[in-house]
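Quick notes on the structure that follows.
In what follows, chains are A, B, ... by sequence order, proteins preceding strands, each numbered from 1.
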There are 2 protein chains.
Amino acid sequence: MATGRTHRPATRSRGIPEATVARLPLYLRALTALSERSVPTVSSEELAAAAGVNSAKLRKDFSYLGSYGTRGVGYDVEYLVYQISRELGLTQDWPVVIVGIGNLGAALANYGGFASRGFRVAALIDADPAMAGKPVAGIAVQHTDELEKIIKDNGVSIGVIATPAGAAQQVCDRLVAAGVTSILNFAPTVLTVPDGVDVRKVDLSIELQILAFHEQRKAGEDAGQDDGSDDARAVAAREARRAVREVREAAGKTAPDAPTGASDRKGPDGDVPAVMPA
Amino acid sequence: MATGRTHRPATRSRGIPEATVARLPLYLRALTALSERSVPTVSSEELAAAAGVNSAKLRKDFSYLGSYGTRGVGYDVEYLVYQISRELGLTQDWPVVIVGIGNLGAALANYGGFASRGFRVAALIDADPAMAGKPVAGIAVQHTDELEKIIKDNGVSIGVIATPAGAAQQVCDRLVAAGVTSILNFAPTVLTVPDGVDVRKVDLSIELQILAFHEQRKAGEDAGQDDGSDDARAVAAREARRAVREVREAAGKTAPDAPTGASDRKGPDGDVPAVMPA
DNA sequence: TCTTGTGAATAATTTCACAGCT
DNA sequence: AGCTGTGAAATTATTCACAAGA
């Protein structure tokens, strides 16, 4: 039994599950769209469809915020927009800095979704002196030297890192030292931060890799009638792996099929049944 | 265990948990870094630290792939790189198309993380005729008219949508009709696709909103415990909340414009609203 | 009617802790 | 000795299904 620090049974408003928090922006977006079309009320079913989730989940999520609906009617769109915005902290102004104004940084600076929520791009920062003064998205890029001053002058608590991986940790350290307590990291690297600092990461290639996994699985399942004896196949697969390993060990140090030269063209028809390794 | 359940969870053998799949790219990245430094073996503890997860989770994740480690020693880096790559389907070549070559699309096209994995940018597509022929990341942009032909000629099964929200669904429909079965969506909109098509979305502003939520919570909770967090917003936020509560209490049970009766039934106190947006 | 809000049931994921192999 | 692999426990998330209320 873990003793020691008692994590309180979650006070009402603070006990919002992380999974719910992650969906609130989704609901908010759907609600904003409805609001722009002047739709006055919406049912959980409709809103759930618009947000791409199921309605029971949506109602459960909302139940953590309070009772904001009307039975038999639905939810008042404007009211809900406001409540969710407030819950997410978007009724206040969040100045953010973007560090690393390459392609991605520029894209972020131009991204309308920030400004339309409570976010304001307070500054764009880049290490390249040649960038300094150049306007991106209507804002003059400033040099990294100014980082600490910018953070402090603007009361910035959220920083976005869009630098190359090699520079990310250093930038992160400086941001944190200057007072930033939330970081959105686009660089493909794991950042180390002190307690109390939040990091979220967006890795563009990770999402593609997850898609590839499912794509591969699709292709493999298409190739053969499934559902016969999954377990047998599982066992076989496992033994095959073990065998591969043994072969490898016997062979010394050379890796089996190098990840190179994989020229199998993936096509709609001629799929490689990649499920079972040879 | 050992109950004769009639219906087995259809995917037991290939049934790698989604949460695990989502972490495999993370492990792969950490392993690749080790590989580049010619580190021969790594323990679950070390690798977990490098990937930013805890070691029990990592071992559990790997256990779904098979027994690839050596007790008392750890994991062979090269071998594990290969196994995970294969599991993710990265040992084959995945041609992808990027549709919408604005700031973000260009950033994606230039993003090294794709090519270094099994992904190959087969084409860049944009609706703007003025873009046609212009080289981005060394590839000439093609017009949307060519979309179907490009997909078919290259056997593309993964599409990346980086268009404005308004165009996304239409582009999606065309991609799917042409044979794409996996879509990575950067447009801030929910895409509707037929069964069998996978969609993953990356919404830049959602991540920021989640950060804002935690940031706000930090500010509200750090009432007076930590060192001098002279955060004006923290104080403001807290007072705003208090004000809302006071207004609510003063107003008794009836909210101005709101669905009534949100008082005693389910009262997550502090946050029950009384203030309506205009 | 209709739809919300929510306990209870189910499923998924994480963490613990230690047996088993090197 | 040391580290993996994994059942079992704990935690978290989702779904069901229906009473309560407009």
Would you indicate, yes or no, if dT14(D) has its OP1 or OP2 atom less than 4.0 angstrom from a side-chain nitrogen or oxygen of N54(A)? no
Please report, rounded to the nearest Å, how far the C1' atom of dA17(C) is from the CZ atom of R59(B). 10 Å
Any R23(B) side-chain N or O less than 4.0 Å from OP1/OP2 of dT14(C): yes
Report the distance from atom OH of Y68(B) to atom P of dT6(D), rounded to the nearest whole Å. 12 Å
Please state whether the phosphate of dT4(D), meaning OP1 or OP2, lies under 4.0 angstrom from any side-chain nitrogen or oxygen of S44(B). yes
Take the protein atom CG of D76(B) and the nucleotide atom P of dC3(D), then report the distance between them rounded to whole Å. 16 Å
Please report, rounded to the nearest Å, how far the P atom of dA12(C) is from the CD1 atom of I16(B). 15 Å
Verify whether one side chain among T189(A) and Q169(A) offers a donor that lies under 3.5 Å from an acceptor in the other. no
When all nucleic acid strands are considered with a 4.0 Å heavy-atom cut-off, which category describes F62(B): base, sugar-phosphate, or nothing? nothing
The side chain of A19(A) lies closest to which of these nucleotides: dT14(D), dT6(D), dA17(D)? dT14(D)
For atom CG of L47(B) and atom P of dG2(D), their distance in whole Å: 20 Å
Kindly say whether, by distance alone, the side chain of R71(A) makes a donor-acceptor pair under 3.5 Å with the base of dT3(C)? no
Contact nearer the 5' end of DNA chain C, comparing V73(A) with D61(A): V73(A)
How many Å lie between CG on L58(A) and P on dT3(C), as a whole number? 14 Å
From the options dT15(D), dT15(C), dA17(C), select the nucleotide whose nearest atom is closest to the side chain of K57(A). dT15(D)
Would you say dT6(D) has OP1 or OP2 under 4.0 Å from some side-chain N or O of K60(B)? no
Is there a side-chain polar atom (N or O) of Y64(B) under 4.0 Å from OP1 or OP2 of dT13(C)? no
Listed once per pair and sorted, the salt bridge (Lys or Arg N to Asp or Glu O under 4.0 Å) pairs that draw on residues 25-39 of chain A, sequence neighbours left out: R29(A)-D203(B)
For A56(A), all residues meeting side chain to side chain contact (heavy atoms under 4.5 Å, CB included), sequence neighbours excluded: N54(A), R59(A)
Dump the intermediate steps for ring-ring contact (aromatic ring centres under 6.0 Å, His included) on F62(B) and Y68(B), then the final yes or no. CA-CA 8 Å; F62(B) 285 177; Y68(B) 292 156; 8.2 Å; no
Spacing between E45(A) atom CD and dT4(C) atom P, to the nearest angstrom: 8 Å
Residue closer to the 5' end of DNA chain D, G72(A) versus A56(A) (nearest nucleotide): A56(A)
Would a distance-only check, ignoring hydrogens and angles, find a side-chain to backbone donor-acceptor pair under 3.5 Å from W94(A) to G89(A)? yes
For the pair made of CD in E18(B) and P in dT13(C), what is the distance, rounded to whole Å? 8 Å
